[in-house]
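Note that this is a predicted model, so its numbers are computed, not measured. Throughout, protein chains are lettered first and strands after them, A, B, ... in sequence-line order, and every chain is numbered starting at 1.
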Number of protein chains: 2
Amino acid sequence: MDADECTQQVTDFAYNVFSQACPSRATLEHVTGRWGSLTLGALSGGALRFNELRRHVDGVSEKMLSQTLHALERNGLVHREARPTNPPHVEYELTPLGREVTDQVMSLIRCVEGRMDDVLAARARYDAR
Amino acid sequence: MDADECTQQVTDFAYNVFSQACPSRATLEHVTGRWGSLTLGALSGGALRFNELRRHVDGVSEKMLSQTLHALERNGLVHREARPTNPPHVEYELTPLGREVTDQVMSLIRCVEGRMDDVLAARARYDAR
DNA sequence: CGGGATCCGGCTTGATACTG
DNA sequence: CAGTATCAAGCCGGATCCCG
């Protein structure tokens with residue numbers, strides 16, 4: 001009874017990520033997932049092509065990048081612009097909605113990056129025990 | 001040459017998540033991971049006990065919650081307070097650092113929740129093709 | 001170049017059971 | 001209550017081959 005139909009009182013929102021059944025949960029996972037956040041972050045600087053993205057997001061495989069882009073496109077965060085030339089020229093860029101979400105993601109990334117000294121210190125303390 | 005030693009020019013930060021080797025990448029994944037963000041979000045309202053957390057984060061298993069909490073504790077985001085009573089009484093709460101990060105996470109969650117109508121519309125459009 | 005399709009090994013995840 | 005131990009299932013990710 002704590003989370004049933006996206007109509008819970010945990011927050012005041014119609015869509016509640018804390019409920020398993022709520023579609024916002026899936027979207028959040030795409031956005032925050034292993035590659036989702038980094039892909040959005042990479043696109044925050046402007047449109048990029050597939051292999052540019054691949055180089056920018058260190059460690060991502062073709063398959064995962066492709067999969068991630070599809071998910072982000074389906075959720076309306078990324079726009080795919082394909083020009084039927086030869087060789088093909090495909091660009092990915094953030095939609096207005098995507099930009100909004102990405103601003104939040106980048107803000108989080110910057111926060112984590114900026115506090116890494118504290119994090120590493122905490123880890124050292126934890127591991128010392 | 002795009003991402004080697006956390007000393008890249010992609011951003012101006014010493015720690016660069018876009019580099020595989022950078023420790024901030026691992027921390028970001030804990031924070032944004034499937035259960036990390038929801039756990040932090042649950043704790044943003046105040047300290048909670050293990051099973052309270054479990055009920056709050058719908059769908060998480062004992063193992064994953066335990067694992068997630070350990071990771072967050074190790075990274076200095078969550079403090080674990082155990083009182084050696086019987087039955088045991090353990091509380092988890094955000095550290096100052098954790099609260100800072102969680103504020104960003106909650107901001108992201110609120111953003112996604114608030115734009116779910118747009119997301120669902122985009123999905124419907126995408127699937128219609 | 002920009003991917004889709006497939007196969008496969010391995011880490012991650014989720015039930016379940018058990019302990020203090 | 002607050003977890004750990006164990007085990008099976010499954011998804012992740014790499015490699016490979018393919019196409020337009």
Got a list of side-chain donor-acceptor pairs under 3.5 Å for residues 120-129 of chain B, not counting sequence neighbours?
unit_1	atom_1	unit_2	atom_2	d
Arg123(B)	NE	Asn75(A)	OD1	3.3
Arg123(B)	NH2	Thr27(A)	OG1	2.9
Arg123(B)	NH2	Asn75(A)	OD1	3.3
Asp127(B)	OD1	Arg74(A)	NH1	3.0
Asp127(B)	OD2	Arg74(A)	NH1	2.4

Open item on the list: Output one letter per nucleotide in nucleotides 5-20 of chain C: B when a protein non-hydrogen atom lies under 4.0 Å from the base, S when only the sugar-phosphate is that close, - when neither is.
Closed with: -BB-----BB--B--B
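Between the CG atom of Leu69(B) and the C1' atom of dT4(D) there is a distance of 14 Å, given to the nearest Å. What separates CG of Leu65(B) from P of dA2(D) is a distance of 10 Å, to the nearest Å. Rounded to an integer number of Å, the gap from Arg55(B) CZ to dG3(D) P is 14 Å. For His70(A) and dG3(C), the NE2 to P distance is 7 Å, given to the nearest whole Å. Rounded to a whole Å, the CZ atom of Phe50(B) is 11 Å from the P atom of dC1(D). In this structure, Glu81(B) atom CD and dG3(D) atom C1' are separated by 17 Å, rounded to whole Å. Tyr92(B) places its OH atom 7 Å from the C1' atom of dA2(D), with the value rounded to the nearest Å.
Contacts of Ser37(A) classified as side chain to side chain contact (heavy atoms under 4.5 Å, CB included), with partners at least two apart in sequence or in another chain: Val105(A), Leu28(B). Partners of His89(B) under the side-chain hydrogen bond (donor to acceptor under 3.5 Å, both in side chains) rule, at least two apart in sequence or in another chain, are Arg49(B), Arg83(B). Qualifying salt bridge (charged side-chain N to carboxylate O under 4.0 Å, His left out) partners for Arg34(B), counting only residues two or more places apart in sequence or in other chains: Glu29(A).
Residue-level contact check: Arg83(B) touches neither bases nor backbone, having no heavy atom under 4.0 Å from any strand.
The minimum heavy-atom distance linking Ala42(A) with His56(A) is given by the pair CB-ND1, 3.6 Å. Pairing each heavy atom of Ser24(B) with each of Asn16(B), the nearest pair is OG-C, 3.7 Å.
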- [ ] Please test Trp35(B) against Leu65(B) for side chain to side chain contact (heavy atoms under 4.5 Å, CB included), starting from the C-alpha separation and ending with a verdict.
- [x] CA-CA 7 Å; Trp35(B) 304 117; Leu65(B) 180 56; over 6 Å; no
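Ring pair Tyr92(B)/Phe50(B) is tilted by interplanar angle, where 30° to 60° counts as tilted.
Each end of the helix from dC1(C)-dG20(D) to dG20(C)-dC1(D) gets its own axis from five base pairs, and the two axes differ in direction by 40°, given to 10 degrees.
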